[in-house]
Amino acid sequence: MTEYTSLEKIRLKKIEELRKEGVEPYPTRAERTHTSAQAIAAFETAEKAAPEGQPPVEVKATLTGRIRAARAMGKLTFAHIEDGDGRIQLFLRMNELGQERVDWFNKMLDIGDFIQASGVMFRTHTGEATLHVHDFKLLAKAVSPLPAAKDEVTESGETVRHAALEDPELRARQRYADLAVNPEVRETFRKRAGIIHALREFLDDHGFLEVETPILQPIYGGAAAKPFTTHHNQLKQDLFLRISFELYLKRLLVGNLERVYELGRDFRNEGVSFKHNPEFTQLEFYWAYADYLKVMELTEQMVSDACLKVTGGMKIIYQGRELDFTPPWRRLAMCDGILETSGIDIAKHPTAKSLFKAIAVKGKTPNPQATRGKLIDFLLSEFLEPTLVQPTFLYDYPRDISPLAKSKPGDPLTVERFEGYVAGFELCNAFTELNDPLDQEQRFIEMGRDYTDDEEEKHPMDEDYLRAMRYGMPPCGGFGMGVDRLAMLLTDKHSIREVLLFPHLRETEE
RNA sequence: GGCCGACUAGCUCAAUGGCAGAGCAGUUGCCUCUUAAGCAAUUGGUUCGGGGUUCAAGUCCCCGGUCGGUCACCA
């Protein structure tokens with residue numbers, strides 16, 4: 001049973017009164033001729049077209065929106081409504097509406113209600129383009145008051161927000177309220193949509209086919225992560241929510257679909273942090289006859305294209321630092337980067353034991369059980385990652401942490417893999433894909449051995465994937481990117497929660 | 001999961017261990033160019049939950065919850 005606050009009870013009473021008066025508080029139909037921005041633009045056009053000293057041609061408009069502010073002055077009322085495009089001021093006067101209607105507006109309508117208002121555009125004494133209201137109608141009554149923000153525009157033109165909805169928990173839990181009162185939040189999600197649109201458009205234009213592969217998978221793979229598990233009752237079959245799209249997309253290359261991509265959700269049953277959410281949006285593409293160098297070039301083009309389309313330029317400010325996405329991005333061999341930042345030359349340490357000692361000398365203590373690859377990964381995150389602020393491709397990774405990547409010719413310990421780093425975190429991951437079925441089978445076996453102490457992260461052998469590869473897979477480059485992280489960069493948000501409409505939150509007692 | 005911090009009216013925030021407050025929102029008036037409108041009056045509280053110390057707890061202690069930060073985990 002809903003417990004209503006005193007404010008809500010007052011509004012519920014108003015709803016009762018409205019019904020008694022024969023006014024439907026939730027009418028079925030609404031009309032609108034202009035959005036707020038369109039009405040203002042049409043009025044400004046009319047003003048410009050008018051001859052000197054002559055009044056502009058009358059601009060009639062029917063607007064819809066949510067009441068965000070109201071200032072009643074007896075026989076006169078000013079209000080602001082907000083729609084998807086912005087805000088516009090309404091002007092209600094007893095001369096046109098009669099005292100009774102103006103009083104009714106003030107008494108029965110509240111901030112948060114949706115209304116429809118018709119009238120003629122004019123400019124107030126203070127110069128604001130305003131709708132002079134000749135008729136209005138309630139469209140939807142709000143029972144609960146919005147956690148309202150009030151904006152004050154100071155003389156210097158700055159907007160000061162008063163009593164804003166700021167609590168990050170409440171903003172995430174009640175995203176609808178956050179969106180309703182914080183216009184910049186709506187802008188963030190418009191940008192996010194713009195990024196996704198730009199990525200899709202770029203890949204479509206480059207001949208890639210968008211595909212959809214299973215989210216429910218009998219065997220998970222393509223990344224080292226703990227999966228969510230579920231069960232199909234009728235088939236009595238355990239299933240996993242995918243942790244990546246990789247193995248399915250590469251099967252399609254076997255099927256002669258030469259360029260494929262998928263934009264969708266991955267699920268990983270792991271920690272939640274400012275850059276991790278249990279479900280997140282991933283972009284993967286696979287490109288026959290390309291290698292990781294070609295993928296690098298396509299990546300910097302694709303990301304800079306999205307940046308240009310969404311922000312209007314190649315340079316952005318992220319958390320106070322300027323980042324420049326203009327291609328070409330810096331390319332840095334991982335061993336060089338690690339040598340520069342840590343002083344350790346991994347080429348001189350071919351075994352885990354020797355590398356561990358070298359790290360210990362530097363005063364750091366990684367897990368003593370770690371493989372050589374894991375130790376290199378440790379060096380990477382400990383020393384190198386924080387220095388990778390400008391977009392950088394870090395390339396050539398250790399083989400034993402890259403079971404799906406092809407070895408570098410003449411260097412069996414290294415694979416052709418790169419990761420794109422921006423602002424100190426990983427944005428994307430790509431490699432020349434391993435297409436040798438015998439080598440691939442060997443890698444699965446190696447992974448199984450290395451992870452025996454951690455069953456959940458163990459890479460299961462995917463026999464069907466190997467069968468596909470035995471039919472012949474063209475040489476190819478593959479790519480994966482956390483789209484949420486790109487959205488964080490391009491909207492200047494520190495937390496992934498700010499770019500997810502409904503981020504994962506703990507359950508609350510209701 | 002560890003550590004640190006926060007949680008008080010619908011919103012934003014105050015309150016040496018000593019009567020729980022302000023602004024906005026709400027309600028009732030006045031007001032025909034306001035824009036955080038103004039003026040006058042007024043309503044509104046399980047101080048996150050539970051336990052303890054004390055003559056007295058929003059404040060101190062313990063347990064729990066949620067959030068934030070950070071570390072760990074995370075190819």
Side-chain angles (χ1 to χ4, degrees), chain A residues 4-11 13-14 68-80 87-96 99 102 106-107 110-112 122-128 130 132 142-154 159-173 177 181 222-226 243-244 246 268-278 280 367 371 373-374 376-378 380-381 397-405 415 417 419 425-426 429 431 447 450-451 454 456-457 459 480 494-495 497 505-509:
Chain A
Y4 289 106
T5 65
S6 59
L7 298 184
E8 289 166 334
K9 283 175 187 159
I10 289 163
R11 293 192 180 195
K13 209 173 236 177
K14 287 185 187 178
R68 289 304 312 281
R71 296 172 292 281
M73 312 184 50
K75 300 178 174 64
L76 191 65
T77 289
F78 289 92
H80 272 92
R87 284 181 176 223
I88 190 167
Q89 183 168 250
L90 304 181
F91 177 75
L92 294 87
R93 207 166 62 155
M94 64 168 286
N95 305 41
E96 293 77 32
Q99 179 77 57
V102 175
N106 294 330
K107 187 168 165 260
D110 292 288
I111 289 170
F122 80 114
R123 212 166 269 284
T124 61
H125 292 177
T126 52
E128 181 167 349
T130 299
H132 193 144
V143 173
S144 305
L146 282 170
K150 278 198 157 191
D151 289 335
E152 175 186 12
V153 181
T154 59
T159 301
V160 182
R161 175 149 299 178
H162 300 271
L165 175 63
E166 288 176 327
D167 177 24
E169 180 189 0
L170 196 64
R171 287 188 43 235
R173 275 191 205 286
V181 302
K226 293 171 193 165
I243 57 172
S244 94
E246 176 151 1
R268 296 188 183 173
N269 204 341
E270 288 172 351
V272 176
S273 81
F274 75 94
K275 55 178 178 178
H276 296 93
N277 195 65
F280 61 99
N367 181 354
T371 63
K374 287 258 179 187
I376 292 173
D377 198 46
F378 175 84
L380 169 62
S381 50
Y397 277 64
R399 172 187 151 115
D400 68 300
I401 56 167
S402 315
L404 302 165
V415 293
R417 170 178 173 187
E419 290 188 343
F425 62 73
E426 180 195 338
N429 179 21
F431 25 92
M447 288 306 287
D450 290 342
Y451 282 87
D454 190 349
E456 281 180 302
E457 265 192 41
H459 253 257
H494 168 67
S495 169
R497 287 188 172 183
L505 299 166
R506 285 172 210 249
E507 239 176 333
T508 51
E509 290 174 39

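Just so it is clear, the values below take in all heavy atoms, side chains as well, and ignore hydrogens, waters and symmetry mates. Each chain gets a letter, A, B and so on, in the order its sequence line appears, and its residues count up from 1.
rU28(B) atom P lies 11 Å from atom CG of N106(A), rounded to whole Å. Note: CZ (R87(A)) to C1' (rU34(B)) measures 14 Å, nearest angstrom. The NE2 atom of H276(A) sits 9 Å away from the P atom of rA75(B) (whole-angstrom rounding). The interatomic distance linking H80(A) (NE2) with rA37(B) (P) rounds to 9 Å, in whole Å. Rounding to whole angstrom units, NE2 of residue H132(A) and P of rC33(B) are separated by 13 Å. Taking atom OH of Y4(A) as the reference point, atom P of rG10(B) lies 16 Å away to the nearest angstrom. In this structure, CZ of R417(A) is placed 10 Å from P of rA75(B), rounded to the nearest angstrom. Look at CG on L90(A): it is 17 Å from P on rC33(B), rounded to the nearest Å.
Close to rA37(B), at under 4.0 Å from its OP1 or OP2, lies a side-chain N or O of R71(A).
Remark: Q99(A) engages D103(A) in a side-chain hydrogen bond (donor to acceptor under 3.5 Å, both in side chains) (not counting sequence neighbours). For P398(A), the side-chain contact (heavy atoms from CB on, under 4.5 Å) test picks out M334(A), I376(A), D400(A), I401(A), with sequence neighbours left out. Scored by the side-chain contact (heavy atoms from CB on, under 4.5 Å) test, N277(A) finds E279(A), I496(A), L500(A), P503(A), H504(A) as partners (sequence neighbours excluded). Shown here are the side-chain contact (heavy atoms from CB on, under 4.5 Å) partners of F274(A), two or more places apart in sequence or in another chain: H494(A), S495(A).
Separation of the C1' atoms belonging to rA25(B) and rC60(B) is 35 Å when rounded to the nearest angstrom. Taking atom P on both rG58(B) and rG17(B), the two are 13 Å apart, rounded to the nearest angstrom. For the P atom pair drawn from rA9(B) and rG45(B), the interatomic distance equals 11 Å after rounding to whole Å. With both ends at atom C1', the span from rU42(B) to rU46(B) equals 24 Å, rounded to whole Å. Between rA72(B) and rA14(B), the two C1' atoms lie 38 Å apart (nearest whole Å). For the C1' atom pair drawn from rC4(B) and rU43(B), the interatomic distance equals 40 Å after rounding to whole Å. For the P atoms, the distance from rA41(B) to rG49(B) is 33 Å, rounded to whole Å. With both ends at atom C1', the span from rU16(B) to rU12(B) equals 25 Å, rounded to whole Å.
In the set rC67(B), rG26(B), rU32(B), the nucleotide with an atom closest to the side chain of R173(A) is rC67(B). Looking at the side chain of E270(A), the nearest of the listed nucleotides rC74(B), rG44(B), rA25(B) is rC74(B). Closest to the side chain of D110(A), out of rC74(B), rU34(B), rU27(B), is rU27(B). Minimum atom distance to the side chain of P147(A) is reached by rC11(B), of the listed rC11(B), rC33(B), rA75(B). Among the nucleotides rU27(B), rA75(B), rU32(B), the one closest to the side chain of K14(A) is rU27(B). For S6(A), the side-chain atoms get nearest to rG44(B) when compared with the rest of rU27(B), rG44(B), rG69(B).
Smallest separation of non-hydrogen atoms from S402(A) and R417(A): OG-NH1, 2.8 Å.
Using a 4.0 Å heavy-atom cutoff across all strands shown, E419(A) reaches sugar-phosphate atoms only and no base atom. Here L7(A) lies in heavy-atom contact (under 4.0 Å) with a base. Within 4.0 Å of T124(A), counting heavy atoms only, lies at least one base atom of the nucleic acid. Within the 4.0 angstrom heavy-atom criterion, no nucleotide atom of any strand lies near R11(A). Note on F378(A): nothing from the nucleic acid sits closer than 4.0 angstrom, heavy atoms only.
Each of N95(A) and A70(A) was assigned the nucleotide of RNA chain B with the nearest heavy atom; the assignment lying further toward the 5' end belongs to N95(A). Nucleotides of RNA chain B nearest to L76(A) and S495(A) differ in position, and the one nearer the 5' end is that of L76(A).
Here the side chain of R268(A) pairs no donor or acceptor atom with the backbone of P278(A) at under 3.5 angstrom. At least one donor-acceptor pair closer than 3.5 Å links the side chain of R11(A) to the backbone N or O of A142(A). At distances below 3.5 Å, at least one donor-acceptor pair connects side-chain atoms of T371(A) with backbone N or O atoms of K374(A). Of the possible donor and acceptor atoms, one in the side chain of K14(A) sits under 3.5 Å from a partner among the backbone N and O of K107(A). No donor-acceptor distance shorter than 3.5 angstrom exists from the side chain of T126(A) to the backbone of T124(A), with no hydrogens or angles considered.
Judged by distance alone, with hydrogens and angles left aside, T126(A) brings a side-chain donor or acceptor within reach of the base of rU34(B), the pair sitting under 3.5 Å. The base of rU35(B) sits within donor-acceptor range of the side chain of E128(A), with an N or O pair under 3.5 Å.
Atoms CG and CG, on N106(A) and L92(A) in that order, are 8.0 Å from each other to the nearest 0.5 Å.
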Which pairs, protein N/O on one side and nucleotides 29-31 of chain B N/O on the other, fall under 3.5 Å?
{"from": "rC31(B)", "atom 1": "N3", "to": "G74(A)", "atom 2": "N", "distance (Å)": "3.3"}
{"from": "rC31(B)", "atom 1": "N4", "to": "G74(A)", "atom 2": "N", "distance (Å)": "3.2"}

- request: Apply the test side-chain hydrogen bond (donor to acceptor under 3.5 Å, both in side chains) to residues H132(A) and E96(A): give CA-CA distance (whole Å), side-chain angles for both, the deciding distance (0.1 Å), then the verdict.
  value: CA-CA 9 Å; H132(A) 193 144; E96(A) 293 77 32; 2.9 Å; yes

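RNA chain B contains the following stems of three or more consecutive Watson-Crick or G-U pairs, with both distances under 3.5 Å: B:1-7 with B:65-71, B:10-13 with B:21-24, B:26-30 with B:38-42, B:48-52 with B:60-64.
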